[in-house]
Trainee: 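Mind having a look at this structure? Questions to follow.
Note that the coordinates shown come from a computational prediction; the quantities given were computed from them, not determined experimentally.
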Amino acid sequence: MVDPIQIVGFFAAAASVTSFLPQAWKIIRTNDVQGLSARMYSLTAFSFSLWLAYGVLSSQWALIVPNALCLTAATFILSMILLPEKKREVVSRTLNPEN
């Protein structure tokens with residue numbers, strides 16, 4: 001029998017991970033980071049780091065996997081915000097050669 005708590009956890013993790021994908025893809029497509037806050041993404045990456053550490057320390061894969069993925073996405077977005085425009089363009093073209 002499927003545990004309803006596990007189902008809720010799965011959908012919560014999926015929603016968290018996919019919430020960053022549209023923003024990351026928009027940055028790759030447009031090379032536009034105007035209006036994005038480096039402070040907010042720094043805090044977000046830090047919070048995912050703490051949740052990831054908590055998951056590792058408590059051996060909870062349901063926390064480890066989605067927080068590792070979210071940390072990766074948030075760190076990518078933060079990196080793109082902090083990169084100079086020319087370097088951002090190189091990353092964007094590398095990840096999306098159609099640019």
Trainee: If I take atom CG from residue Leu95 and atom CZ from residue Arg29, how far apart are they, to the nearest 0.5 angstrom?
Mentor: 13.5 Å
Trainee: Would you check if Asp32 and Ile27 make a side-chain contact, meaning some heavy-atom pair closer than 4.5 Å?
Mentor: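 They are not in side-chain contact.
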Trainee: Can you tell me how far apart CG (Asn67) and CD (Gln60) are? Round to the nearest 0.5 Å.
Mentor: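 Output value for this atom pair is 10.5 Å.
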Trainee: Nearest heavy-atom pair of Arg88 and Met80: which atoms, and what distance?
Mentor: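 Minimum heavy-atom contact is CD-O, 2.8 Å.
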Trainee: Quick check on the hydrophobic clustering: are Phe48 and Leu21 connected, directly or via other members, by side-chain heavy-atom contacts under 4.5 Å?
Mentor: no
Trainee: With a 4.5 Å cut-off on side-chain heavy-atom distances among I, L, V, M, F, W and Y, is there a chain of contacts connecting Ile77 to Leu43?
Mentor: no
Trainee: First locate atom CD of Gln23, then atom CD1 of Ile28, and finally report the distance between them rounded to the nearest 0.5 Å.
Mentor: 10.5 Å
Trainee: Does Leu52 belong to the same Ile/Leu/Val/Met/Phe/Trp/Tyr cluster as Leu50, with side-chain heavy atoms less than 4.5 Å apart forming each link?
Mentor: no
Trainee: Going by heavy atoms in the side chains, are Thr72 and Phe20 under 4.5 Å from each other?
Mentor: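 Not touching, per the 4.5 Å side-chain cut-off.
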Trainee: Determine whether more than 12 heavy atoms belonging to other residues, nucleotides or ligands lie under 6.0 Å from atom CD1 of Ile7.
Mentor: yes
Trainee: Of all the heavy-atom pairs spanning Leu71 and Ser49, show the shortest one and how long it is.
Mentor: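 Reported closest heavy-atom pair: CD1-OG, 3.5 Å.
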Trainee: Are Phe76 and Trp25 linked, directly or through intermediate hydrophobic residues, by side-chain heavy-atom contacts shorter than 4.5 Å (ILVMFWY only)?
Mentor: yes
Trainee: Could you pull out the closest heavy-atom pair between Leu82 and Ala38, with the gap in Å?
Mentor: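 So the two residues come closest at CD2-CB, 4.0 Å.
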Trainee: Please say yes or no: joined through hydrophobic side-chain contacts below 4.5 Å, possibly via intermediate residues, are Val56 and Leu69 part of one cluster?
Mentor: yes
